[in-house]
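Remarks on the structure that follows.
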Amino acid sequence: MPLIAPSILACNFLRLEDECKMINESQADWFHLDVMDGRFVPNISFGLPVIEQIKTVATKTLDVHLMIVEPEKYAADFKAAGADILTVHIEACNHLHRNIQQIKGLGMKAGVAVNPHTSVALLDDVLADIDVVCLMSVNPGFGGQKFITNTLHKISKLKDRILQRNLNVLIEIDGGVTLENAAQIVNAGADVLVAGNTVFKAPNPTDAISQLKRI
Ligand code: DX5
Ligand code: ZN
């Protein structure tokens, strides 16, 4: 069964507390929180004060996806705000190994996200040090985009490398996950499904989460 991580980016921010409670009471596993700086990605979302507030009601893992440059400047602040998993982009890090050590040193799980154009082979030398690989299945910056099908090859390739080396790394898929393509994504080897629009724009979000969970 995949882990399900609803992406708050697609929720109704006027009703943030209710949306968080819906996730608490659903079969979801993680809260996926997308932080965008308008520099690494062409969009700005939300940041530390919002995550701090979510932490006061959330009863599940906070999975924070940083789409920002110089993430090392803010890692300690995200820990203080309540992040359990902190994911940085390989494309935003000149010293990725150092960033990973910093995140783990602060007591969080470390994730590395890769854009659609970035080969999973580039992760080989840090794979043993991290907890999650977030494979972007859309170009980051916006919810509601179409799943890039080449991601399926990347999932299989990465899964092989993880299994061959007997590592304990989760593969998280982020972007364009739907009730229609989720089975294919899980069959390719994904462990965690992020879902924004598929959950929050559904007539019944709790039910959409259950359907994803059952895949
Ligand atoms: C994209 C974000 C995603 C986004 C997914 O930059 O990283 O987490 O919220 O949204 P959907 O599931 O709607 O594609
Ligand atoms: Zn994300």
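First listed ligand is number 1; within each ligand, the first listed atom is number 1. Because only heavy atoms are used, hydrogens play no part in the values below, and waters and symmetry mates are left out as well, while side chains stay in.
Classification of Lys213 and Asp29 as a salt-bridged pair holds, one side-chain N sitting under 4.0 Å from a carboxylate O. Here Lys21 does not pair with Glu25 in a salt bridge; the nearest charged N to carboxylate O distance is not below 4.0 Å. Salt bridge annotation for Lys55-Glu52: absent, with no cationic side-chain nitrogen under 4.0 angstrom from a carboxylate oxygen. Ion pairing between Asp191 and Lys159 holds under the 4.0 Å rule for side-chain N and carboxylate O. Using a 4.0 Å cut-off between a side-chain N of Lys or Arg and a carboxylate O of Asp or Glu, Lys79 and Asp84 do not qualify as a salt bridge.
Nearest to atom 3 (C) of ligand 1 among the protein's heavy atoms is Asp174 OD1, 2.9 Å. In terms of protein heavy-atom proximity, atom 1 (C) of ligand 1 is closest to Phe142 O, 3.5 Å. Closest protein heavy atom to atom 4 (C) of ligand 1: Asp34 OD2, 3.6 Å. Shortest contact from atom 10 (O) of ligand 1 to any protein heavy atom: Gly143 CA, 3.6 Å. The protein non-hydrogen atom at the shortest distance from atom 6 (O) of ligand 1 is Gly141 N, 2.8 Å. Nearest protein heavy-atom contact of atom 12 (O) of ligand 1 is Gly196 N, 2.8 Å. If you check which protein heavy atom lies closest to atom 14 (O) of ligand 1, you get Gly176 N, 2.9 Å.
Looking at Ile44 and Asp37, their side chains never come closer than 4.5 Å, going by heavy atoms from C-beta outward.
At under 3.5 Å, not a single nitrogen or oxygen of Ala195, backbone or side chain, sits near a nitrogen or oxygen of ligand 1. At under 3.5 Å, not a single nitrogen or oxygen of Val194, backbone or side chain, sits near a nitrogen or oxygen of ligand 1. Close N/O approach between Met36 and ligand 1 is not found [any backbone or side-chain N/O within under 3.5 Å]. Annotation: Pro140 places no N or O atom under 3.5 Å from an N or O atom of ligand 1; distance criterion only. Below 3.5 Å of separation, one finds no N or O of Asn139 facing any N or O of ligand 1.
Within a 6.0 Å radius of NZ in Lys201, other residues, nucleotides and ligands contribute more than 12 heavy atoms.
Nearest to atom 9 (O) of ligand 1 by heavy atom, out of Ser7, Gly144, Ala5, is Ser7.
Between the Zn ion (ligand 2) and His32 there is an N/O/S contact shorter than 2.8 Å.
No heavy atom of Thr198 sits closer than 4.0 Å to any atom of ligand 1.
With ligand atoms numbered from 1 in the order given, ligand 1 contributes 7 (O) to contacts under 4.0 Å with heavy atoms of Met136. Taking a cut-off of under 4.0 Å to the non-hydrogen atoms of Leu9, the atoms of ligand 1 that pass are 9 (O). Shown in contact with Met67 at under 4.0 Å from a heavy atom are these atoms of ligand 1, numbered in order with element: 6 (O), 7 (O). For ligand 1, the atoms lying closer than 4.0 Å to a non-hydrogen atom of His32 are 8 (O). Of all atoms in ligand 1, numbered sequentially from 1 with element shown, those under 4.0 Å from a heavy atom of His65 are 7 (O). Close approach of ligand 1 to Gly175 (heavy-atom distance below 4.0 Å) involves ligand atoms 14 (O).
In this structure, the side chain of Glu19 does not engage the main chain of Ile8 through any donor-acceptor pair within 3.5 Å. A donor-acceptor pair under 3.5 Å is absent between the side-chain atoms of Thr61 and the main chain of Asp63, judged by distance alone.
Between the side chains of Thr178 and Asn181, at least one donor N or O lies within less than 3.5 Å of an accepting N or O. For the 3.5 Å distance criterion, the side chains of Thr118 and Glu91 qualify, holding a donor opposite an acceptor. In summary, the side chains of Asp174 and Ser137 do not present any donor paired with an acceptor at a separation below 3.5 Å, with no hydrogens or angles considered.
Per residue Asp174, closest N, O or S atom to the Zn ion (ligand 2): atom name OD2.
Here the angle at the Zn ion (ligand 2) defined by ND1 in His65 and OD1 in Asp34 stands at 90°, rounded to 10 degrees.
Contacts between Asn197 and ligand 1 below 4.0 angstrom, taking non-hydrogen atoms only, involve backbone and side chain alike.
Using the six-membered ring where Trp is involved, His65 and His32 have ring planes that are tilted, between 30° and 60° apart.
Once rounded to the nearest 0.5 Å, the distance linking CG of Asp160 with CD1 of Ile155 reads 12.0 Å.
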